[in-house]
Amino acid sequence: MTDSPLSPRPVVFSDDVLEHLPTHLRTNMCGELRPEHVGRTVSVCGWVSSRRVHSEHLAFVDLRDYTGLVQCVVDGAADLRSEYVVRVTGTVVAREEQWINPKLATGEVELADCTVEVLSVAEPPPFQLDERHETDETIRLRYRYLDLRRAQMQRNLRTRATINSAIRRAMESQGFLEVETPMLIASTPEGARDFVVPSRLKPGSFYALPQSPQLFKQLCMVGGIDRYFQIARCLRDEDLRADRQFEFMQLDAEMSFASQDDVLSAISTTVAAVVEAVTGETIGEIPRMTWMEAAERFGSDKPDVRFGLELIELTDVFTATEFNAFKAPCIKGIRVPGGAEFTRSRLDELTDRAKRWGAKGLVWMRVKPADAGSVELDSPVAKFLSDDEKAALVAATEAVDGDLLLLVADERPKVRHVLGLLRLDIGRPPVNEGGLNFLWVVDFPLFESVDEATGRPVSAHHPFTMPHEDDFGLLDGSPEDLLGVRSQAYDLVLNGWELGSGSVRIHRADIQQRVFELLGISKEEAQLKFGFLLDAFRFGPPPHAGFAFGIDRLVALLVGEENIREVIAFPKTQSGADPLTQAPTDIDPAQLAELGLRLLPRAAD
RNA sequence: GGUCCCGUGGUGCAGUUUGGAGUGCACGCCGCCCUGUCAAGGCGGAGGUCGCGAGUUCAAAUCUCGUCGGGACCGCCA
């Protein structure tokens with residue numbers, strides 16, 4: 001792992017590319033001009049970034065294209081305004097020593113004796129395009145084409161393209177074949193909510209937009225593709241978040257005759273190539289952690305391992321407690337170094353959040369110095385705890401003077417969940433700090449829970465996930481045994497973001513049948529839901545395994561953005577709207593009629 | 001489905017706690033001056049439905065309720 005701060009390299013313009021950029025209007029790019037160009041007469045095109053008018057006969061105009069800025073010395077600029085599109089023809093001259101601008105890549109030169117042609121005039125932009133001020137995101141999105149002129153958005157989109165390109169090269173060099181799969185498909189049950197598209201030729205029927213190419217890539221394996229990949233658009237109609245859009249891009253991959261290790265190795269190679277392409281740095285082997293360890297130590301299946309505040313097991317400390325709140329199946333805590341300084345209102349706020357996340361309460365204890373170098377616990381509940389319990393608690397947490405202890409007692413999954421969220425709330429560093437901490441989380445459980453009503457286990461990944469071979473025996477056991485069954489499913493995590501997941505697929509009919517039985521899916525139901533896949537599997541499916549990871553998230557983390565909207569050219573707001581196009585919009589009644597659709601009245605209140 | 005935060009000239013903020021004249025700051029915009037600036041500088045000017053709607057009050061940017069928009073998060077995302 002690299003410990004350096006995330007530092008995407010500036011976009012590099014190789015001589016190979018620059019050679020192809022001249023057009024009939026320009027000979028050079030603004031950002032490429034250097035002392036080596038001195039003496040040449042050049043034409044550059046771009047937008048007026050700023051102008052400094054000194055008098056009728058002297059003005060400096062900064063001209064901007066995506067490669068950067070160059071200063072043009074012009075004889076008056078009365079007819080130029082911000083964001084005008086101009087072509088400047090002039091002579092590259094070296095700046096005198098005292099006029100060199102070290103903040104500018106082109107700062108050792110400037111364009112002199114300039115002729116300026118206005119190619120387009122522009123109204124003043126609705127917000128300033130410099131990087132000095134934040135602008136309301138709705139306004140940026142409404143005028144996204146202006147926002148994209150900003151250097152940061154240019155960097156983000158160009159880095160994204162670099163990543164896509166690196167992915168393709170890495171996958172192809174490992175023998176993966178790019179195959180495109182359809183966007184209009186049959187709706188398959190389970191998983192996320194589908195986006196649907198009404199059929200005109202068969203009114204009343206619908207296509208679904210793919211949540212992922214999952215079933216198609218497995219069909220590719222049956223089809224002898226051997227190794228498939230696709231940079232695939234996926235669509236899920238679920239609530240949006242900082243790391244979730246309706247539509248997002250995944251590197252989707254599948255391998256024949258492959259084990260979990262084979263997949264992890266191939267994806268690791270590709271991820272390493274991407275990081276190298278963006279940062280120039282080499283990542284070592286990506287460490288692995290079991291799902292159980294992640295849950296117990298970090299309260300999450302996507303642990304952010306950039307910082308401590310790990311969950312400490314305390315159940316044994318309070319097995320014989322008299323304190324009612326601690327008479328629970330599981331007690332865990334986190335130790336916040338220096339947290340004794342937290343104000344009462346901060347602690348109340350943390351308690352409120354813990355409750356909102358589902359805890360019955362949050363026990364806090366300030367660790368204060370006591371006699372003889374020992375410590376005592378300052379807490380509203382200290383009086384309910386025995387001296388032995390307090391001593392054991394201090395020992396287990398290794399608490400020292402000035403620390404804060406936060407404890408939650410409840411069912412084990414609840415304790416993990418609440419403390420895992422508290423840990424992030426208190427300690428999570430900004431996205432661009434702490435380096436790149438990739439992590440494979442392996443040995444996910446096959447079933448995430450048992451439905452209390454039906455007694456049936458609920459699939460944690462999808463029903464084609466291969467159980468761990470060592471746990472086959474448990475498939476015939478009690479509900480408790482079933483929850484202990486591990487699967488050959490794995491996630492790739494980076495700095496607490498789930499980048500993607502994959503699994504070894506079931507290719508044997510007898511195992512598939514057994515898993516369907518356990519999930520309570522009858523043969524008829526399975527045929528109805530996944531019939532085409534099961535049919536295909538009757539004709540010789542190779543053992544196969546695959547993976548998919550979110551490219552938007554990887555790009556965001558590599559450029560140091562907290563939000564994937566910053567690395568998407570035209571994203572949607574949290575409510576799924578596009579301020580630029582106004583989507584979603586009403587449609588013409590004639591279109592509805594053609595599709596055989598009629599709208600229900602909108603809810604009045 | 002839920003919790004929390006935000007909405008004030010074109011942009012970003014302060015003002016709201018404790019109601020009293022649309023008050024202030026920075027940037028931008030327009031005009032004039034200025035021959036070495038690079039976040040140019042100086043002088044002057046224009047620009048407001050305080051998101052919207054009710055309510056309380058002598059009086060609301062400020063308090064209450066509702067609503068719309070934006071954001072963060074929980075649920076959801078096999």
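Proteins get letters first, then strands, A, B, ... in listed order; numbering begins at 1 in each.
Both the sub-6.0 Å distance and the 45° axial angle are satisfied by A:Arg423 relative to the ring of A:Phe307. Judged by a 6.0 Å distance limit and a 45° cone about the ring axis, A:Arg81 is not positioned over the six-membered ring of A:Tyr84.
With both pairing distances under 3.5 Å, B:G10 is matched to B:C27 as a Watson-Crick or G-U wobble pair. Pair assignment for B:A59: none, as no Watson-Crick or G-U wobble contacts are both less than 3.5 Å. Pairing of B:C34, defined by two Watson-Crick or G-U wobble distances under 3.5 Å, is not identified with any nucleotide. With a 3.5 Å ceiling on both atom-pair distances, B:G48 lacks any Watson-Crick or G-U wobble partner. Base pairing of B:A40: no nucleotide in any strand meets the Watson-Crick or G-U wobble criterion (both distances under 3.5 Å). With a cut-off of 3.5 Å on both Watson-Crick or G-U wobble distances, the partner of B:A54 is given as B:U64. In this structure, B:G19 makes no Watson-Crick or G-U wobble pair, since no nucleotide meets both defining distances under 3.5 angstrom. Pair assignment for B:C4 gives B:G71, based on Watson-Crick or G-U wobble hydrogen-bonding distances that are each under 3.5 Å.
Donor-acceptor pairing under 3.5 Å, judged by distance alone, is present between the side chain of A:Asp239 and the base of B:G75. With hydrogens and angles ignored, a donor-acceptor pair under 3.5 angstrom links the side chain of A:Arg241 to the base of B:G75. A donor-acceptor contact under 3.5 angstrom links the side-chain atoms of A:Glu110 to the base of B:G36. Side-chain atoms of A:Arg52 stay outside donor-acceptor range of the base of B:C34, with no qualifying N/O pair under 3.5 Å. With hydrogens and angles left out, the side chain of A:Arg51 and the base of B:C38 share no donor-acceptor pair within 3.5 Å. Scanning atom types as modelled, one donor and one acceptor separated by under 3.5 angstrom connect the side chain of A:Arg244 and the base of B:C77. Judged by distance alone, with hydrogens and angles left aside, A:Gln71 brings a side-chain donor or acceptor within reach of the base of B:U37, the pair sitting under 3.5 Å.
Taking atom CZ of residue A:Arg356 and atom C1' of nucleotide B:U3, one finds them 5 Å apart after rounding to whole Å. The nearest whole Å value for the distance from the CG atom in A:Leu129 to the C1' atom in B:A39 is 14 Å. One can place CG of A:Leu235 at 13 Å from C1' of B:C77, the figure rounded to the nearest angstrom. Rounded to an integer number of Å, the gap from CH2 of A:Trp497 to P of B:A72 is 10 Å. Remark: C1' of B:G10 and CG of A:Leu146 are 13 Å apart, rounded to the nearest angstrom. Look at CZ on A:Phe195: it is 19 Å from P on B:C76, rounded to the nearest Å. Atom CH2 in A:Trp357 sits about 20 Å away from atom P in B:G2, given to the nearest Å. Taking atom CD on A:Gln128 and atom P on B:C13, their separation rounds to 13 Å, with Å as the unit.
Under the stacking definition used here (centres under 5.5 Å, planes under 30°), the residue A:His54 fails to qualify as stacked on the base of B:G36. A stacking contact links A:Trp99 to B:G36: the aromatic ring centre lies within less than 5.5 Å of the base's six-membered ring centre, and the planes differ by less than 30°. Here A:Phe60 packs flat against the base of B:U37; its ring centre is closer than 5.5 angstrom to the base's six-membered ring, tilted by less than 30 degrees.
Aromatic ring centroids of A:Trp440 and A:Phe547 lie under 6.0 Å apart. The aromatic ring centroids of A:Tyr228 and A:Phe216 lie 6.0 Å or more from each other. When ring centroids are compared, A:Phe195 and A:Phe246 come within the 6.0 Å threshold. Separation of the A:His417 and A:Phe298 ring centroids does not fall under the 6.0 Å cut-off.
For A:His417 and B:C74, the shortest distance from a side-chain N or O to OP1 or OP2 is not below 4.0 Å. Proximity of A:Arg81 to the phosphate of B:C30: a side-chain N or O atom is located under 4.0 Å from OP1 or OP2. Contact annotation: A:Thr138 side-chain N/O to B:G70 OP1/OP2 distance is not under 4.0 Å. The phosphate of B:U3 has neither OP1 nor OP2 within less than 4.0 Å of any side-chain N or O from A:Lys355.
Looking at heavy-atom distances under 4.0 Å, A:Glu96 makes no contact with the nucleic acid at all. Within the nucleic acid shown, A:Gln574 comes within 4.0 Å of at least one base atom, counting heavy atoms only. When heavy atoms are screened at a 4.0 angstrom cut-off, A:Ser575 is found touching the sugar-phosphate backbone but no base atom. Across all strands shown, A:Asp136 has heavy atoms under 4.0 Å from sugar-phosphate atoms exclusively, and none from any base. Residue contacts shown for A:Asn563 are limited to sugar-phosphate atoms, with no base heavy atom under 4.0 Å away. Using a 4.0 Å heavy-atom criterion, one finds that A:Glu562 contacts no nucleic acid atom at all. Looking at heavy-atom distances under 4.0 Å, A:Leu69 makes no contact with the nucleic acid at all. In this structure, A:Thr135 reaches the sugar-phosphate backbone alone: every heavy-atom distance under 4.0 Å involves primed, P, OP1 or OP2 atoms, never a base. As judged by a 4.0 angstrom heavy-atom cut-off over every strand, A:Arg565 is placed among residues touching the sugar-phosphate backbone only. Residue A:Arg353 is classed as having no contact, given no heavy-atom separation below 4.0 Å to the nucleic acid. Within the 4.0 angstrom heavy-atom criterion, no nucleotide atom of any strand lies near A:Val458. Residue contacts shown for A:Ala460 are limited to sugar-phosphate atoms, with no base heavy atom under 4.0 Å away.
Salt-bridge formation is detected for the pair A:Asp471/A:Arg486: a Lys NZ or Arg NE/NH1/NH2 atom is positioned less than 4.0 Å from an Asp or Glu carboxylate oxygen. The pair A:Arg236-A:Glu247 fails the salt-bridge criterion, with no side-chain N (NZ, NE, NH1 or NH2) lying under 4.0 Å from an Asp/Glu carboxylate O.
Using atom P as the reference point in both B:C25 and B:A72, the two lie 33 Å apart (nearest Å). The gap from the P atom of B:G7 to that of B:A14 amounts to 7 Å, rounded to the nearest Å. For B:A61 and B:G19, the P atoms lie 13 Å apart once the distance is rounded to whole Å. Taking atom C1' on both nucleotides, B:U18 is separated from B:C13 by 22 Å, rounded to a whole Å. Across the C1' atoms, B:G10 and B:C30 are found 13 Å apart, a figure rounded to whole Å. Rounded to a whole angstrom, the distance from the P atom of B:C32 to that of B:G69 is 45 Å. If you take atom P in B:C4 and the same atom in B:C77, they sit 24 Å apart, rounded to whole Å. Between B:C6 and B:U64, the two P atoms lie 12 Å apart (nearest whole Å).
A:Arg140 and A:Thr138 form no side-chain donor-acceptor contact under 3.5 Å, judged by distance and modelled atom types alone. No hydrogens or angles considered: nothing links the side chains of A:Gln152 and A:Glu566 as a donor-acceptor pair under 3.5 Å.
Toward the 5′ end of RNA chain B lies the nearest nucleotide of A:Asp130, the other residue of the pair A:Asp130 and A:Leu58 mapping further downstream.
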